[in-house]
Amino acid sequence: MSVGAAKRGAPGEGAQLTGSVLAVHGGAGNFGRRDRGDAGDRARRAGIARSLRVGIDVLAADGSVVDAVERAVRELEDCEEFNAGRGSVLTARGTIEMDAAISRGTDRGAGAVAAVRRIANPIAAARAVLEQSCHVLLVGEGAEEFARANGIAFCADADLVTDSRRHQLERARQRRRISLDHDGDVGGTVGAVARDARGNLAAATSTGGMTNQLPGRVGDTPLIGAGIWADNATCAISGTGVGEAYIRVAFAHEVDALVRLAGLGLAEACSRALDRLDAVGGSGGCIAVAPTGPAVLRFNTRAMPCGQVGSDGEPEVRVYADE
Ligand code: ASP
């Protein structure tokens, strides 16, 4: 597995050339070493491992690659340690507004929702947009109406809000900051990418956005080509980090273009796209998978809970750049 910007071209890349592979992330951020080994760290590692198992089981049972990434992301949305579903960060108004997207490599089909409220699994709503509508992105009340009409489960606002996110908002307000979900506080945006044994690719991402963001703010997560991409010919990508920077560099499309037009390998393409992000002052990471080879996991922050698993392997889970 290759993890972190410092490990470009790490030994082992290319070891697993074909076959199913699934990778997930739980958000890039700059939380410190003092968190290592604490209860939260253990819970996040366990969440990542569970998500990998759930996703790879779908592929092992010959399920679709879209099912695999949706199930993997749902598992992380249900884990309140992460900034998606329950446990999402709060806006400046103290509300939760979530974005999610799913992208299918077979036909570049995509579905996304933005600024939705009271939905415990926004990724299911994104999938409904992909499969039950002729649109790509629905926002706010329209997205919620569509989700309700398509059988997506709703909950109360209070079911999604946790005490630790309330405290996080208080701290951000005091510092007058809009912060990446785990700049100093851990538990981030979630995403998954996968390839099945036939070479089909898919990606899915879900987030509560950034702490203390303005109500109505939409990040990169639901914007196809910014935070997410899947094309069987090149790669599937799920990004995490400062969304405005991802939008400004068209991050996921940049990785695709570097593979498709410049002929770069996926690992190099991800590193170059992160350099471009860095150049506009953005920080974050991504997970990606190509038609062959293992998944690539890269970040320019101090940490990104993440991991990958192949059809025959035990899940590998990592959090810090130096692991
Ligand atoms: N990219 C997300 C956003 O800007 C945040 C994150 O990945 O942590 O909404």
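Keep in mind it's a predicted model, so treat the numbers as computed, not measured. In each ligand, atom 1 is the first atom listed, and ligand 1 is the first ligand listed.
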Lys/Arg N to Asp/Glu carboxylate O, R74 vs E77, below 4.0 Å: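 E77 and R74: not salt-bridged.
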
Any atoms of ligand 1 less than 4.0 Å from a non-hydrogen atom of [X]? List them with their elements.
X	answer
G241	1 (N), 2 (C), 3 (C), 4 (O), 5 (C), 6 (C), 7 (O)
G243	4 (O)
T240	6 (C), 7 (O), 8 (O)
T189	2 (C), 5 (C), 6 (C), 7 (O), 8 (O)
D220	1 (N), 2 (C), 3 (C), 4 (O)

Selection residues 101-110 - residue pairs positive for side-chain hydrogen bond (donor to acceptor under 3.5 Å, both in side chains), sequence neighbours left out: R104-D107

Shortest non-hydrogen contact from A245 toward G282: CB-CA, 3.6 Å

Pairs touching residues 241-266 that satisfy salt bridge (charged side-chain N to carboxylate O under 4.0 Å, His left out), sequence neighbours left out: R217-E244, E254-R276, D256-R260

Shortest heavy-atom approach to atom 4 (O) of ligand 1 - which of Q213, R217, E244: R217

NZ or CZ of R148 within 45° of F154 ring axis and under 6.0 Å: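 R148 over F154 ring: yes.
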
